[in-house]
Amino acid sequence: MSTRSENEGITALLLAGGLGSRMGGVDKGWLELDGVALAERVAARLRPQADALLISANRNLERYAALGRVVTDAAEFANCGPLAGLEAGLAACETTWLIAAPCDLPLLPENLAARLMAPLRDGRSQLAVARSGGQAHPVCMALSISLLPSLRDYLRGGGRRVREWQAQAGALAVDFDDAPQAFRNLNTPEDLAALQQR
């Protein structure tokens, strides 16, 4: 578990604003794994790693508000995908750093923030992205709030691709090869059923 000193100046952002199209349009955050909602599971993993918790959501706002401070996509960036949620989180962030993770990764590492923050605190980059088995997990990231203008410029220019913006921002990859299951996301009912059985 990370120590408090490692966590200072970090806000966590739970990204739960997606359409859930591959889940039949349901709000994935409230799908249950072993009787516990995915959003509750991920929030419980993120909360000890940060000073504050924001929830990016565009429906079921009162329900999400029980988990943390809810932020909704700005009208200007509606339908811009996860980067719209990230923009909303950065705009509301009151700390120097933000870590973000989607609501469909219930096995996130308990040291996600500490590991992603390591190259940022020593000045190597302003943005770090999780990677395992050679595969990047772009929505699991840590970044400086100073990147908000860059993100807004990218969105206003028509950009929508998380990886493309991250590359422009000079993102570094942080390996989590010791935790390959941690980034097993739940995109379909079959994914959820498989994890439930495991």
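Counting begins at 1 with the first residue of the sequence.
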**Q.** Qualifying residues under ring-ring contact (aromatic ring centres under 6.0 Å, His included), relative to F176, sequence neighbours excluded
**A.** F183

Q: Determine, for R156 against E76, whether the closest basic-nitrogen to carboxylate-oxygen distance falls under 4.0 angstrom.
A: yes

Q: Indicate the atoms forming the closest heavy-atom contact of T95 with I10, along with that distance.
A: OG1-C, 3.5 Å

Q: Scan residues 88-98 for pairs that pass salt bridge (charged side-chain N to carboxylate O under 4.0 Å, His left out), counting only residues two or more places apart or in two chains.
A: R69-E94

Q | Beyond-backbone contact of L155 with R160, side-chain heavy atoms, under 4.5 angstrom | A | yes

Q: Give the intermediate values and the outcome of side-chain contact (heavy atoms from CB on, under 4.5 Å) for residues L53 and T11.
A: CA-CA 6 Å; L53 178 65; T11 295; over 6 Å; no

Q | Side-chain heavy atoms of V71 within contact of Y64, under 4.5 Å | A | no

Q: Would you indicate whether the side-chain heavy atoms of V139 and L15 approach each other to under 4.5 Å?
A: yes

Q. For the side chain of D175 and the backbone of S132, is there at least one donor-acceptor N/O pair under 3.5 Å apart?
A. no

Q.
In the structure I gave you, are the side-chain heavy atoms of W97 and I145 within less than 4.5 Å of one another anywhere?
A. no

Q | Heavy-atom pair with the smallest gap, counting every atom of L116 and A130 | A | CD2-N, 3.7 Å

(Q) If you define the side chain from C-beta out and look only at heavy atoms, does anything of L38 sit under 4.5 Å from E32? (A) no

Q.
Could you measure the distance from the CE atom of M117 to the CG atom of L98? Nearest 0.5 Å is fine.
A. 10.0 Å

Q | Main-chain N/O of I99 paired with Q49 side-chain donor or acceptor, under 3.5 Å | A | no

Q.
Show the nearest heavy-atom pair for residues L86 and L13, with the distance to one decimal.
A. CA-CD2, 4.0 Å

Q.
Quick one, C140 and L105 - any side-chain contact, counting heavy atoms below 4.5 Å?
A. yes

Q) Would you say R124 and L120 make side-chain contact, with heavy atoms under 4.5 Å? A) no

Please list, one pair per line, the donor and acceptor atoms closer than 3.5 Å that link side chains of residues 162-173 to other protein atoms, with sequence neighbours excluded.
from: E164; atom 1: OE1; to: Y154; atom 2: OH; distance (Å): 2.4
from: W165; atom 1: NE1; to: S150; atom 2: OG; distance (Å): 3.0
from: Q166; atom 1: NE2; to: P138; atom 2: O; distance (Å): 2.7

Q: Indicate the atoms forming the closest heavy-atom contact of V129 with H137, along with that distance.
A: CG1-O, 3.6 Å

(Q) Nearest 0.5 Å, please: how far is CD in E40 from CH2 in W30? (A) 5.0 Å

**Q.** Partner of N58 under side-chain hydrogen bond (donor to acceptor under 3.5 Å, both in side chains), chosen from D73, D27, T72
**A.** D73

Q.
Rounded at 0.5 Å granularity, tell me how far CZ in R131 sits from CG in D177.
A. 7.5 Å

Q. So how far is it from Q181 CD to L108 CG, rounded to the nearest 0.5 Å?
A. 12.5 Å

Q. Could you state the interatomic distance from CZ (R121) to OG1 (T96), rounded to the nearest 0.5 Å?
A. 8.5 Å

Q) CG/L46 to CG/L54 distance, rounded to the nearest 0.5 angstrom? A) 11.0 Å

Q. Any idea which heavy atoms bring Q126 and S146 closest together, and the distance?
A. NE2-OG, 2.8 Å

Q | Common cluster, I55/L61, ILVMFWY with side-chain heavy-atom separation under 4.5 Å | A | yes

**Q.** Ion pair R41/D104, N-O distance below 4.0 Å
**A.** no

Q. What closest approach, in Å, do L90 and S144 show between heavy atoms, and which atom pair accounts for it?
A. CD2-O, 4.2 Å

Q.
In the structure I gave you, are the side-chain heavy atoms of P82 and S56 within less than 4.5 Å of one another anywhere?
A. no

